[in-house]
Structures are given as structure tokens and as C-alpha cells.
Amino acid sequence: MTQPSAGERQAHADPLDDLDRAILRLLARDPRAALADVGAKVGVHERTVARRLERLTESGRIRFTASLIPEHMGEGLAVELAVRCAPGTLNETALALAARPDTRSVEVSTGAPEVFVELLVPDHDALLATVDGSIGRIAGVTDIHTAIVLRLLLTANDWAPYEDEPTVARRGLLEGIEPPEPLTVDDLDRRLVALLRHDARMPMTRLAQELCVGESTARRRLARLMRSHILHLRLYAEPAVLGFPVEARFQLTVEHRALDAVVRRLAQEPAVRHLVTVTGRANVLGYASHRSTQDLNTFTARVFADLDGVTAAETAVLLRTYKRVGIPAASM
């Protein structure tokens, strides 16, 4: 295995204090909030907020991200791969997969020697070419299982461990409300998101200058995107940094008659931070974050036993994350 990143080491050596958490909680709600406003709400000067934020970002423990969500826009195929590896090749295979521009997440877990990959491809032909071609030819790969994401239900954007209220997406899933029709985006919208991906807190004046539009236009475009479900603009922190070092991946085989009830029940659990339905026998895939293995044990015993219509359940603990939200771990 590769060595832990500097951010991971720092997470254990220098835990967050109450002020750090208060600042992150506010910025998680509004990643572009003015530091003066954040300071006023937590009772410190904005310079103190700036110093805290600089320390956390420079250590790699947090970052700000922005992206359009292809699944919500109907663009391309999101695919979950389980790449089986020959003994002794797991790390090298994971590194090779993390280096690919078409992978969004890469991780290894307990269980069989497999690398789990979230992949985005344009269409079915591209998926076949990728699986049978470039990935299938990686030294050490012995088998590949593919599952196409049918519905993206919850993302890490909906994991808010210190919040009392569910996010809009989680509440909609709980109440059985279908997501709205996606916005139509143009080149200006995509350029705006690309700038935010580079610097999610870029001042509005600078955004307007880079886009060669008036500030009111840039402000209106950003507000429109942020009100929608197709843009994720957020503060991201590794779960371990926030006090949840145990991450679990679970797969459920659910009878179709019970599928809606099962995903709505899972959405009730704040620990669940990613949830999709996929093709294949195991048709529900999710991730959950926990404070300890005992918490994970309690979660699985309590929640999975309560799911009517589940005929099989498999849980694995993540051992190493090589790539998350499209960023290789070495760059975090």
C-alpha cells in the first residue's frame, strides 16, 4: 500500500477543535460565505477565520470543489467497476486507475483483492472499449465486473454529520419527490463552473472578468446554478478529518417490489453519504462513514435487519482511497 498522505497524517496528529468545526459547519452550508460573516457568527475576527482556513487548506485536510453532475444532466454513463487483481498487484493497479482522467473515485477495501472504481464514459461503446481495452490490459487485472448507475440518489454533498436538517436531495428522497428537470446549461455556465473548480471562492468581480461579462450576469448565472441540483459547490473534508475514520462500502440485493422503500429507509440514516441504484444482482450500492468499527457494526445490525425485501447484503471497510471527487490522493 502507499503511505498515508500528509493530510491524513495531519488529521490524526492535530484534530480539529470546536472553532475549526464551527467554521467548517458554516462554510459547508455556504462555501462562498464572506469570512467576515463567518467570523461574526462564530465570535472571532475574520483574520482568525482566514488563518484557520489557510491552515486547513494548506494541510490538505479540506478543499473547495465545484462540478456539474453528469448523472443529473443525462450526460454520459456513470459506471461502477470492481477490478479483480492478481496477488501483489493491487496497489499498482489502483495507482494506474487513479491516474486515468475518466475515473472519479478509486479505492480498495476488505474482501477480495479488488479495486473499486467510479468511471464516467460517453456511451456503451466507450464502456466496452475501456473495459475490454485499456483497463483490461493493465498488468495484474484478472477480472472486471461492471454495473451502470441507474439512479444517483445521494452524494457526499448530502452527508452533513453536524447538521440537524437533511439536505434538499435527502429530504426529497425521504419524501418520495422526484428531482426537478435539469437546467439547460451553455458554454458560459460551463466556463463558470470550470473557474469555480479551480477556485470555488473566487470573488465575483474576478469571475466576471475571467468570463468577460458584467458582474450582475456572473452573479445571476451562479445563483441559478446553485439553486439547482446539477451543481455541487461545496467544502470537502475527508471523513476522517471530521472524526469519522471508518468508511464502509455496502452492496444490497433488493427485490424490485421493495426497492423504493429500501432506498427511502437508507436515506433516513445520516451516516449514509452516497447511494445509487445500479444494474446487476446487487442493485443498491452505498457508502457510510462512522466514528468506529463498533459504530459500523451497530449500523449494519440495526439498519440492514430493518430492510424488508433485502435478500443479500455485503459490507466492506475501505482500506485506502486513491482518488476522490476526481482528484488523486497524492494531490489532496
Side-chain angles (χ1 to χ4, degrees), residues 4-33 35 38-39 41-42 44 48-67 104-105 107 109 154-170 200-201 232-250 266-275 286-300 303 315 317-329 331-332:
S5 67
E8 290 171 326
R9 291 193 298 270
Q10 183 73 2
H12 297 286
D14 183 18
L16 302 182
D17 62 20
D18 289 342
L19 179 56
D20 289 329
R21 292 191 179 92
I23 291 170
L24 295 185
R25 182 171 180 171
L26 290 170
L27 289 172
R29 293 176 187 165
D30 181 6
R32 291 180 57 80
L35 298 189
V38 174
K41 291 177 180 178
V42 299
V44 299
T48 300
V49 176
R51 284 196 300 270
R52 293 288 183 120
L53 197 57
E54 182 179 17
R55 172 174 58 84
L56 291 168
T57 53
E58 287 186 348
S59 70
R61 301 168 73 188
I62 69 166
R63 64 185 180 275
F64 293 91
T65 68
S67 61
R104 294 194 294 188
S105 69
E107 65 217 9
S109 72
L154 296 175
T155 73
N157 209 51
D158 300 302
W159 182 65
Y162 298 111
E163 294 294 333
D164 297 326
E165 291 296 320
T167 63
V168 173
R170 192 181 291 267
R201 290 182 54 81
H232 283 180
L233 192 159
R234 63 191 178 98
L235 177 148
Y236 181 83
E238 289 289 313
V241 169
L242 299 178
F244 297 84
V246 178
E247 296 185 75
R249 183 183 196 270
F250 60 85
L266 290 170
Q268 295 176 21
E269 296 296 324
V272 175
R273 64 174 176 81
H274 185 82
L275 190 64
Y287 289 80
S289 297
H290 306 273
R291 294 190 182 277
S292 66
T293 53
Q294 181 57 48
D295 284 349
L296 170 60
N297 178 66
T298 301
F299 169 83
T300 55
V303 177
T315 306
V317 173
L318 298 193
L319 299 176
R320 175 72 178 174
T321 298
Y322 289 76
K323 193 175 191 178
R324 208 194 291 266
V325 295
I327 302 174
S331 301
M332 292 180 181

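Note that this is a predicted model, so its numbers are computed, not measured. Just the heavy atoms: all of them, side chains too, but no hydrogens, waters or symmetry mates, feed the values below.
When side chains are defined from C-beta on, Arg61 counts as touching Arg55, because their heavy atoms get closer than 4.5 Å. For the pair Leu24/Leu56, a side-chain contact is recorded, criterion being any heavy-atom separation below 4.5 Å from C-beta on. Considering only heavy atoms from C-beta on, Trp159 comes within 4.5 Å of Pro161 through its side chain. Residues Tyr287 and Leu154 form no side-chain contact, since every pair of their non-hydrogen atoms from C-beta on lies 4.5 Å or further apart. Annotation: side chain of Leu53 is not in contact with side chain of Val38 (no heavy-atom distance under 4.5 Å).
Every residue meeting the salt bridge (charged side-chain N to carboxylate O under 4.0 Å, His left out) condition with Asp17, not counting sequence neighbours, appears here in chain and number order: Arg52. Residues passing the side chain to side chain donor-acceptor pair (under 3.5 Å) test with Glu163 are Arg25, Arg29, sequence neighbours excluded. Listed by chain and number, the residues in a side chain to side chain donor-acceptor pair (under 3.5 Å) with Thr300 amount to none (sequence neighbours excluded). Residues that satisfy the side chain to side chain contact (heavy atoms under 4.5 Å, CB included) test with Ala200, not counting sequence neighbours, are Phe64, Leu233. A search for side chain to side chain contact (heavy atoms under 4.5 Å, CB included) contacts involving Glu54 returns Glu58, not counting sequence neighbours. Remark: Ser292 engages Gln294, Asp295 in a side chain to side chain contact (heavy atoms under 4.5 Å, CB included) (not counting sequence neighbours). Residues satisfying the side chain to side chain donor-acceptor pair (under 3.5 Å) criterion with Arg201, sequence neighbours excluded, are absent altogether. Evaluation of the side chain to side chain donor-acceptor pair (under 3.5 Å) rule for Arg21 yields no partner, not counting sequence neighbours. With sequence neighbours left out, the ring pair (Phe, Tyr, Trp, His ring centres under 6.0 Å) criterion links His290 to Phe299. Checked against side chain to side chain contact (heavy atoms under 4.5 Å, CB included), Ala169 has the following partners two or more places apart in sequence or in another chain: Asp158, Thr167.
The shortest heavy-atom contact between Ala22 and Val42 is CB-CG1, 3.8 Å. Minimum heavy-atom separation, Gly39 to Val49: CA-CG2, 3.6 Å. Arg170 and Ala267 make their closest contact through NH1-O, 3.0 Å (heavy atoms, listed as atom of the first residue, atom of the second, distance). Taking both residues in full, the closest heavy atoms of Pro328 and Lys323 are given as N-CG, 3.8 Å, listed atom of the first, atom of the second, then distance.
The distance from atom NE2 of His274 to atom OG of Ser289, rounded to the nearest 0.5 Å, is 12.0 Å. Residue Leu235 holds its CG atom at 10.0 Å from CZ of Arg63, rounded to the nearest 0.5 Å. Thr155 contributes atom OG1, which lies 10.0 Å from atom CZ of Arg273 (distance to the nearest 0.5 angstrom). Leu35 contributes atom CG, which lies 11.0 Å from atom CG of Leu26 (distance to the nearest 0.5 angstrom). In this structure, the separation between CZ on Phe244 and CG on Leu296 is 13.0 Å, given to the nearest 0.5 Å. Atoms OG1 and CD, on Thr321 and Glu238 in that order, are 6.5 Å from each other to the nearest 0.5 Å.
Formation of a donor-acceptor pair under 3.5 Å by the Arg249 side chain with backbone atoms of Leu318 is not found in this model.
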Subject >> Val325/His232 under side chain to side chain contact (heavy atoms under 4.5 Å, CB included): CA gap, chis, key distance, verdict >> reply: CA-CA 11 Å; Val325 295; His232 283 180; over 6 Å; no
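The side-chain contact (heavy atoms from CB on, under 4.5 Å) test with Tyr236 singles out one residue from Thr65, Asn157, Ile62, and that residue is Thr65.
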